[in-house]
Amino acid sequence: MALAVTSSSSTTISGSNFSCLSPSSELKAPQIGSFRLLDRSHGSCASICLSQRRSLVKPINAEPKRKDSVVPLAATIVAPVFAEAAEKDEVEDYAQLARDLENASPLEIMDKALEKFGNDIAIAFSGAEDVALIEYARLTGRPFRVFSLDTGRLNPETYKLFDTVEKQYGIHIEYMFPDAVEVQALVRSKGLFSFYEDGHQECCRVRKVRPLRRALKGLRAWITGQRKDQSPGTRSEIPIVQVDPVFEGLDGGVGSLVKWNPVANVDGRDIWNFLRAMNVPVNSLHAQGYISIGCEPCTRPVLPGQHEREGRWWWEDAKAKECGLHKGNIKQEDTAQLNGNGNGSATVADIFNTQSVVKLSRTGIENLARLENRKEPWIVVLYAPWCRFCQAMEGSYIELAEKLEGSGVKVGKFQADGEQKEFAKRELELGSFPTILFFPKHSSRSIKFPSENRDVDSLMAFVNALR
């Protein structure tokens, strides 16, 4: 497990590092997959039972290599501590712990996580607002580790931030890379940009999910920057702490990995207030309109009023905006919708409900698309009732319909999820929800609304330019 440590040297066991040396020792990069015992001159470190499955090491603070003020000095003596609960095979009730920490601050949650798991936990750093996690970890005064997934397709600005963060915090971010053979096979068979045509899941699985799986196999817990307000369809119910539902940890098997989300309940604006107040380095792409930052081909700026995740995989559904790192967020019924099975109508009320908007059936939209000599032009939204982006534009679209009433322009809607999704993608240029089409008079070809700005003025300008 490639992980960053703030202490001076380490003992590495199955990819898990135990910081045991005094502050005066020279800082060395942790080794990956090695097994190294410390000299007995380092006192109690040598007495740690390395075969104990759940042995714990009391965390210490160590002098950083690059910046003396990053982590304060503390105790330099390490003593092995064996958890009584582990000896009794007691299982932590993380659901109850999540409830207990529901109103705790991110700093308190971070401190609890680092205290509880010591050197068996690490922060997942993506180069975006996750830098707040590193700042919270620094403020606890405890040693911490950081790892990141280098997909090979990150923005240059992200790599520059990695370097800045390492220097400011005096840490070594350890990078997990995708398997070169797998990447080569994917690119040779499907090209560099296949995800624009068949979805991002396969590329993310090769470049992100599998490297993450390898990283987590060397840990018992990890820390993420997930927030409930980040993703409309997938993150609204994430807990403060949970047993990871997807990945396995060092011990292997279900329940072997714990996932901490210290900023789950924090609003995005409060994260940015914290970053500014603490003068934390951030990705320069944020100043260019990027909010959620991933790989360069799959990330773009968002416009004012847009949700931050609309800048990620913008050609796909709102509920598909996860790369697989947090697949456990997606419920079973959501997965069915993503696969085109079911339309969600049984659980989600329909939207755009007004007499000014005509609801088109499959036959109706097919007939409209085939007509070459229409009596009047149409504007039609392809939508899914569960899509938060569709819900967000409901008011402006209804207002547009009311303004166009009696003008000779018809306003319609077509529910294009579920069983209609493949048809809509094939015949109606559906890329992501919502997709807005204008069907002019005397032409069978529809014109797709090119803007992401879906306020009523922008929609009206689009209609006026074409009718």
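Keep in mind it's a predicted model, so treat the numbers as computed, not measured.
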N-O pairing of [X] and [Y] below 4.0 Å:
| X | Y | result |
| --- | --- | --- |
| R426 | E422 | no |
| E376 | K441 | no |
| D267 | R227 | no |
| R207 | E182 | no |

Ignoring hydrogens, what is the shortest heavy-atom contact between [X] and [Y]? Give both atom names and the distance.
| X | Y | value |
| --- | --- | --- |
| R142 | F144 | O-CD2, 3.5 Å |
| G249 | S256 | N-OG, 2.8 Å |
| I109 | L101 | CD1-O, 4.1 Å |
| R374 | F439 | NH2-CD2, 3.5 Å |
| A264 | I240 | CB-CD1, 4.1 Å |
| G218 | L250 | CA-CD1, 3.9 Å |

Please check if the side chain of [X] supplies one atom and the backbone of [Y] the other of a donor-acceptor pair under 3.5 Å.
| X | Y | result |
| --- | --- | --- |
| E166 | I173 | yes |
| D93 | Q96 | yes |
| D130 | S126 | yes |
| T299 | E296 | no |
| S189 | A185 | yes |
| S148 | F125 | yes |
| Y196 | P297 | yes |
| K413 | I351 | yes |

Heavy-atom neighbours of [X] [atom1] exceed 12 at 6.0 Å:
| X | atom1 | answer |
| --- | --- | --- |
| K448 | NZ | yes |
| Q355 | CD | no |
| R276 | CZ | yes |

Could you tell me the separation between the [atom1] atom of [X] and the [atom2] atom of [Y], rounded to the nearest 0.5 Å?
| X | Y | atom1 | atom2 | result |
| --- | --- | --- | --- | --- |
| F352 | D350 | CZ | CG | 9.0 Å |
| L285 | I291 | CG | CD1 | 12.0 Å |
| N261 | W222 | CG | CH2 | 8.0 Å |
| L212 | M176 | CG | CE | 8.5 Å |

With a 4.5 Å limit on heavy-atom distance, are the side chains of [X] and [Y] in contact?
| X | Y | value |
| --- | --- | --- |
| V411 | Y397 | yes |
| V258 | D244 | no |
| L382 | I436 | no |
| V381 | F414 | no |
| N367 | R370 | yes |
| L139 | M110 | no |
| V206 | V183 | yes |
| L257 | V246 | no |

Quick one: is the NZ or CZ of R362 closer than 6.0 Å to the six-membered ring centre of F423, and within 45° of its axis?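 Checked: cation-pi criterion met.
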
Is the cationic atom of R153 (NZ for Lys, CZ for Arg) positioned less than 6.0 Å from the six-membered ring centroid of F193 and within 45 degrees of its normal?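 Verdict for F193: a cation-pi partner in R153.
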
Passes side-chain contact (heavy atoms from CB on, under 4.5 Å), W260 versus K112? Steps please. CA-CA 10 Å; W260 291 78; K112 183 74 172 177; 3.9 Å; yes

Stepwise, does the side-chain hydrogen bond (donor to acceptor under 3.5 Å, both in side chains) test hold for Y159 with D150? CA-CA 9 Å; Y159 290 112; D150 185 348; 2.6 Å; yes

Given the side-chain rings of Y383 and F389, with only the six-membered ring counted for Trp, is the space between their centroids under 6.0 Å?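 Here the rings of F389 and Y383 have centres that are no less than 6.0 Å from each other.
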
Is the F449-F462 ring centre distance short of 6.0 angstrom?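 Ring-ring flag for F449/F462: true, centres closer than 6.0 Å.
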
For Y94, enumerate each residue passing the ring-ring contact (aromatic ring centres under 6.0 Å, His included) test, keeping only those at least two apart in sequence or located in another chain.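 For Y94, no residue satisfies ring-ring contact (aromatic ring centres under 6.0 Å, His included) once neighbours in sequence are set aside.
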
Apply side-chain hydrogen bond (donor to acceptor under 3.5 Å, both in side chains) to residues D455 and S396 and explain how you reach the verdict. CA-CA 6 Å; D455 61 282; S396 59; over 6 Å; no

Please walk me through it: do E248 and R213 pass salt bridge (Lys or Arg N to Asp or Glu O under 4.0 Å)? CA-CA 8 Å; E248 295 183 4; R213 192 179 299 279; over 6 Å; no

Among C390, S361, P385, which residue meets the side-chain contact (heavy atoms from CB on, under 4.5 Å) test with Q415?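 It is P385; the other options fail the test.
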
Checking salt bridge (Lys or Arg N to Asp or Glu O under 4.0 Å) for the pair R210/D179: CA distance, chi angles, key distance, verdict? CA-CA 8 Å; R210 287 174 182 164; D179 182 89; over 6 Å; no

Indicate whether the side chain of N283 and that of E157 have a donor and an acceptor atom separated by less than 3.5 Å.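 Distance-only check fails for N283 and E157.
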
Using side-chain contact (heavy atoms from CB on, under 4.5 Å), reason through C203 and K208 one step at a time and then give a plain yes or no. CA-CA 8 Å; C203 184; K208 299 177 75 173; over 6 Å; no

Walk me through it: do S356 and E405 pass the test side-chain hydrogen bond (donor to acceptor under 3.5 Å, both in side chains)? CA-CA 7 Å; S356 302; E405 198 165 9; 3.3 Å; yes

For S446 and E429, run side-chain contact (heavy atoms from CB on, under 4.5 Å): C-alpha distance rounded to whole Å, both residues' side-chain angles, the deciding distance at 0.1 Å, then the answer. CA-CA 9 Å; S446 61; E429 300 182 81; 3.5 Å; yes

